[in-house]
2 protein chains.
Amino acid sequence: MTQGVGDLDRSVGYTLKQAAAALRAAMDAELRPLGLTVPQYACLEILGQRPGMSAAELARGAFVTRQSMHAVLLGLAERGLLARAATAPQGRALPTELTDAGRRVLEQASATVAGVERRMTETLTPAARERLRADLAACADALSP
Amino acid sequence: MTQGVGDLDRSVGYTLKQAAAALRAAMDAELRPLGLTVPQYACLEILGQRPGMSAAELARGAFVTRQSMHAVLLGLAERGLLARAATAPQGRALPTELTDAGRRVLEQASATVAGVERRMTETLTPAARERLRADLAACADALSP
DNA sequence: GAGCGTATGTCAGGATACTGACATGACACA
DNA sequence: TGTGTCATGTCAGTATCCTGACATACGCTC
C-alpha cells in the first residue's frame, strides 16, 4: 500500500510524460517556422472545428487556464487571425471565429501537425492506433473527476 | 497529403495531450500537500533510483532543460533534501544524491504518485497496461531523433 | 423579488520554464 | 602539441503560465 512507483521505465505515467514531451517538442519545432506556438495552434485548430467557442471553452479544450488562453487570443487577434465578438449575445461569453487569414494559417499548421502525428504513430497498425487512443481516453477519464 | 489533423477526439496526439494534462493535474494536486512540485518530485524519484546522476542527466530524465533543473536542484538542496558534490570527480558533472530527509520525503511522494498512476490505469487489465506503455514508448522513440 | 451558486472575462502578481550565452573540462584527431 | 568538438554548469533576460482576485451575467431556489 505504501509501495512506490517502481522502475520508471516500467511506469505508464513516466512513459506517458515521455511521449507527451516528445510530441510537444516535435510540434514546437515544426510550428516555429509558421510563427505559431503550440497553444496558439491548438486555439486555431479548435476554432476551425468548432467556430463560435468562448475563451473559457477554448481554454478547456487546449488544457490551459482561462487567463493563458486570454493572452493567446489577444495575440492571435492582433495578428488578424481571429475575431472576437465585441458584445456577448448571452451571458458574458464572447464567441470567437477565425478570419480568412486565420483559416489559411491553420491549413498549413494543421497539415504540419498531421505529419508529426503520422510520424509518431507510423510503427503502429491502424487498429493499434485506435486502441492506444481509446486507452489514453480511458486514462484521462479515470483522473478527471 | 495536405490533409489536416481531423476530428480532435479521434486524434491520438490530442488524446495523448489530454491524458498527460490530466496526469499532471492529478499529480500536482496530490503533491502540493507534501510541498513538492511535479519537477521536484521527478528529480527526487530519479535520484532515488539512480544516485549520483548529474544535473544534465536529471534534466533529460525529467524532460526539462538543464537550466530549469538547475533551479530545481538549488531549491531542493536548500531544503536539505539532496546534496551535490562540491567538486567534479571527472569532467564537469557534479554527482547528486539524496539525503536521509530526501529519502523520507520521496517515500511519501512516491507512494502518493503510485496511487495516482494506479487510479489512472485501474480500468485496464495488466496486459493492456503493458501494451499501452509499450505503444507510448514506440511513439516517443519515433519522434526522438 | 432576494439570495446563492456557477460561469465568464479581465487585471495584477509571482512562479516557472525556456532561449541565448559564456567558461570550463574531457576527448578525438591531425 | 594544439585544435576542434562535445558535454556540463552557470548566469542573464525573456516569455509563458499559473494562482488569486474582482466584477458581471445567468439559472435555480426560497
Side-chain angles (χ1 to χ4, degrees), chain A residues 17 20-29 31-33 35-43 46-47 50 52-79 82-97, chain B residues 17 20-29 31-33 35-43 46-47 50 52-79 82-97:
Chain A
K17 191 168 179 179
L23 174 60
R24 170 78 184 223
M27 286 177 63
D28 208 81
L31 288 173
R32 186 180 305 270
L36 289 178
T37 65
V38 171
Q40 285 173 337
Y41 156 72
C43 180
I46 297 172
L47 271 181
R50 307 182 65 165
M53 286 187 83
S54 71
E57 291 173 310
L58 286 169
R60 285 190 291 269
F63 314 111
V64 297
T65 59
R66 293 198 310 274
Q67 294 86 336
S68 297
M69 182 54 67
H70 183 66
V72 169
L73 287 175
L74 289 181
L76 292 176
E78 188 174 8
R79 286 167 59 181
L82 53 81
R84 304 189 69 189
T87 62
Q90 66 181 18
R92 298 201 68 199
L94 301 175
T96 304
E97 293 190 3
Chain B
K17 191 167 179 177
L23 174 60
R24 168 81 184 220
M27 285 177 64
D28 208 81
L31 288 172
R32 186 179 306 270
L36 288 178
T37 65
V38 171
Q40 284 172 337
Y41 156 72
C43 179
I46 297 172
L47 271 181
R50 308 181 64 165
M53 286 187 82
S54 70
E57 291 173 311
L58 286 169
R60 285 190 291 270
F63 313 111
V64 296
T65 60
R66 292 199 310 274
Q67 293 87 334
S68 297
M69 182 54 68
H70 182 66
V72 169
L73 286 175
L74 289 180
L76 291 176
E78 188 173 8
R79 286 167 60 181
L82 53 82
R84 304 188 70 189
T87 62
Q90 65 180 21
R92 298 201 66 200
L94 301 175
T96 305
E97 293 191 2

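In the text below, chain A, chain B and the rest are named by the order of the sequence lines, each starting its count at 1.
Atoms CZ and CG, on B:R79 and B:L36 in that order, are 5.5 Å from each other to the nearest 0.5 Å. In this structure, A:K17 NZ and B:L23 CG are separated by 8.0 Å, a value rounded to the nearest 0.5 Å. Considering OG1 of A:T96 and CZ of A:R50, their distance stands at 14.0 Å, rounded to 0.5 Å. Taking CG of B:L76 as the start and CZ of B:R84 as the end, the distance is 11.0 Å to the nearest 0.5 Å.
Rounded to whole Å, the distance from CG on B:L31 to P on C:dT16 is 13 Å. One interatomic measurement links the two molecules: CG of B:L58 to P of C:dA17, which rounds to 14 Å at whole-angstrom precision. B:L74 places its CG atom 13 Å from the P atom of D:dA12, with the value rounded to the nearest Å.
Across every non-hydrogen atom of A:A93 and A:P95, the tightest pair is O-CD, 3.4 Å. Nearest heavy atom pair, residue B:I46 against residue B:A62, reads CD1-N, 3.8 Å. A:G52 approaches A:L47 most closely through the heavy-atom pair N-CD2, 4.4 Å. When all heavy atoms of B:V38 and B:L31 are compared, the pair lying nearest together is CA-CD1, 4.1 Å.
Between B:L94 and A:Q40, the residue anchored closer to the 5' end of DNA chain D is B:L94, taking for each the nucleotide with the nearest heavy atom. If you find the closest nucleotide of DNA chain D to A:P39 and to A:Q90, the one lying nearer the 5' end belongs to A:P39. Checking B:A71 against A:S54, the closest nucleotide of DNA chain C that is more toward the 5' end is the one next to A:S54.
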For residues 65-73 of chain A, which side-chain N or O atoms pair as donor and acceptor with protein atoms under 3.5 Å away, sequence neighbours left out?
from	atom 1	to	atom 2	distance (Å)
A:T65	OG1	A:S68	N	3.2
A:T65	OG1	A:S68	OG	3.1

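Taking side-chain N and O atoms only, B:H70 has a distance below 4.0 Å to OP1 or OP2 of D:dT10.
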All N/O contacts under 3.5 Å from nucleotides 18-22 of chain D to the protein, with atom names and distances to one decimal?
from	atom 1	to	atom 2	distance (Å)
D:dC18	OP2	A:T65	N	3.2
D:dC18	OP2	A:T65	OG1	3.0
D:dC18	OP2	A:S68	OG	2.4
D:dG20	O6	A:Q67	NE2	2.7

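Between its two ends, the helix from C:dG1-D:dC30 to C:dA30-D:dT1 turns its axis by 30°, counting five pairs per end and rounding to 10 degrees.
Residue A:R92 places a side-chain atom within donor-acceptor reach of the base of D:dA23, judged by atom type and a 3.5 Å distance cut-off alone.
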